[in-house]
Protein chains: 2
Amino acid sequence: MKNKNETDSAPSMNIVRNEGGNEPKVKTVHIGQQVKAIRTQNKFTLEEASRRTGLAKSTLSKIENEQISPTFMVLQKLAAGLEIDLPQLFTQPSKVQASGRRDITKANTGKAHLTPTYEHELLATELSNKKMLPYKTCIRSRSFDEYGDWIRHEGEDFLFVLEGDIQLFTEFYEPVLLSKGDSAYYDATMGHAVISISEQDAHILWVTST
Amino acid sequence: MKNKNETDSAPSMNIVRNEGGNEPKVKTVHIGQQVKAIRTQNKFTLEEASRRTGLAKSTLSKIENEQISPTFMVLQKLAAGLEIDLPQLFTQPSKVQASGRRDITKANTGKAHLTPTYEHELLATELSNKKMLPYKTCIRSRSFDEYGDWIRHEGEDFLFVLEGDIQLFTEFYEPVLLSKGDSAYYDATMGHAVISISEQDAHILWVTST
DNA sequence: AAATTAAGTTTCCTATAGGAAACTTTTATG
DNA sequence: CATAAAAGTTTCCTATAGGAAACTTAATTT
């Protein structure tokens, strides 16, 4: 059945999502397998899992065999009873996540990325899905005015001065002067900007968390 | 068989969970509020959310008002239709996370941390709960043998050579020579170690993701 | 303010989730 | 191997989730 008798009319709804009458197609997470994996890893029998979660063992069995789609209430009992975080039920057990990656970037061979105010050299660009984005930057800007507005983005920034003198502007603090060897760490959602104040170009190393 | 011969007794590890026969008491996550918040933030009407998720608007209404406990199948449709990650439905919207922090570390004023092989200078130590741990390190070791075993830890490492020449050993790759300005990014769960191969001491900047 | 439209809620019904117990399968024991 | 015990599955029933449509409320227009 799943008789999806489409809402009459509604001609304009052209999201083109599931024309043709088939379902929106959700990439199915096999929660049953997850539950079973967690239970067996803990060496629980269905009976014991039943005790811990307060769910009937028949229910647990059906869930593990994907015969039913547990309600949210049941999911919560499961998580509480098996002492796991809810999100853990959905993320693949993926101990498989990469763990042997490496990327070397020799000096001045990074991937150039130019902006009016900065001259970025992105590092370690061969790797994707990194937790940090490192880049070496040459500061061109000499005045705060050159920035139309604060720079903001998700995550946190670590900044290390390699050469020259810079001034770091941040939304909630007074500007601060940084010279070679100095560093700063700040929440990147806070507005920020950097200008060079030395004769020669200033170079900094920047690492942004994702 | 794992039967360690302790049938019931097992005094040492009883989790003391719900003696007394009452329910396990689950801290309820109000998923309805979450859904409503996400929908309204996106300025969707129930009707539009219905189109996007393939769920009846009556169902959506009931979910938002906590009148029913959606099944996992419905949760998936919700997440897909509203284009959010499933876990996002359970974690509090917590925009409350800190977002105006800043910490400046002037050159050579970090917190020293010595090991037989490295001489670390921890940076930005005034801030806790950082997503990255930055430190400047002077490499003392001159031979791989000085390391009893590989160094490993959670997360990823970014390494930038500030001064001198080093050799980076990693578990799954051939050793590589790095000089001033070179950098490396690698999974820190992979065994790794660094030795200095230059006359003078080698200095590197290290950033570890957490 | 009545009429119109759009938003959200409730009703009513069918499909299905969850629980208790019977049943089947697997593992241990004489 | 027979038997007992334990672990897992299926059945059957009741409670409840989900969908269509009726209904109510809120926002616009006339």
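Labels below follow one simple rule: chain letters A, B, ... track the order of the sequence lines, proteins then strands, and each chain is numbered from 1. Owing to the predicted nature of the structure, the values given are computational and were not obtained by experimental measurement.
- Taking atom CE of B:Met73 as the reference point, atom C1' of D:dT16 lies 14 Å away to the nearest angstrom.
- For the helix from C:dA1-D:dT30 to C:dG30-D:dC1, the terminal axes (five pairs an end, C1' atoms, rotation from four pairs onto the next four) enclose an angle of 20°, given to 10 degrees.
- Taking atom NZ on B:Lys43 and atom P on C:dA7, their separation rounds to 14 Å, with Å as the unit.
- Close placement of the A:Tyr186 and A:His192 rings is indicated, their centers lying within 6.0 Å of each other.
- Side-chain atoms of A:Tyr135 and A:Thr208 form a donor-acceptor pair, as typed in the model, at a separation below 3.5 Å.
- The side chain of A:Thr71 places an N or O atom within less than 4.0 Å of a non-bridging phosphate oxygen (OP1 or OP2) of C:dG18.
- No option in B:Ile195, B:Ile139, B:Thr137 other than B:Ile139 meets the side chain to side chain contact (heavy atoms under 4.5 Å, CB included) test with B:Ile166.
- The 12-atom threshold is exceeded at NZ of B:Lys106, counting heavy atoms of other residues, nucleotides or ligands nearer than 6.0 Å.
- For the residue pair B:Thr117/B:Arg140, the side-chain donor-acceptor check at 3.5 Å is not satisfied.
- The CZ atom of B:Phe72 sits 18 Å away from the P atom of C:dT16 (whole-angstrom rounding).
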Set out, line by line, the N/O atom pairs under 3.5 Å between protein and nucleotides 7-11 of chain D.
residue: D:dG8; atom: OP2; partner: A:Leu46; partner atom: N; Å: 2.9
residue: D:dG8; atom: N7; partner: A:Lys57; partner atom: NZ; Å: 3.4
residue: D:dG8; atom: O6; partner: A:Lys57; partner atom: NZ; Å: 3.2
residue: D:dT9; atom: OP2; partner: A:Ser61; partner atom: OG; Å: 3.1
residue: D:dT10; atom: OP2; partner: A:Gln67; partner atom: NE2; Å: 3.1
residue: D:dT11; atom: O4; partner: A:Lys62; partner atom: NZ; Å: 3.4

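- In this pair, A:Tyr118 and A:Trp206 present their aromatic rings perpendicular. The plane angle is above 60°, beyond the 30 to 60° band.
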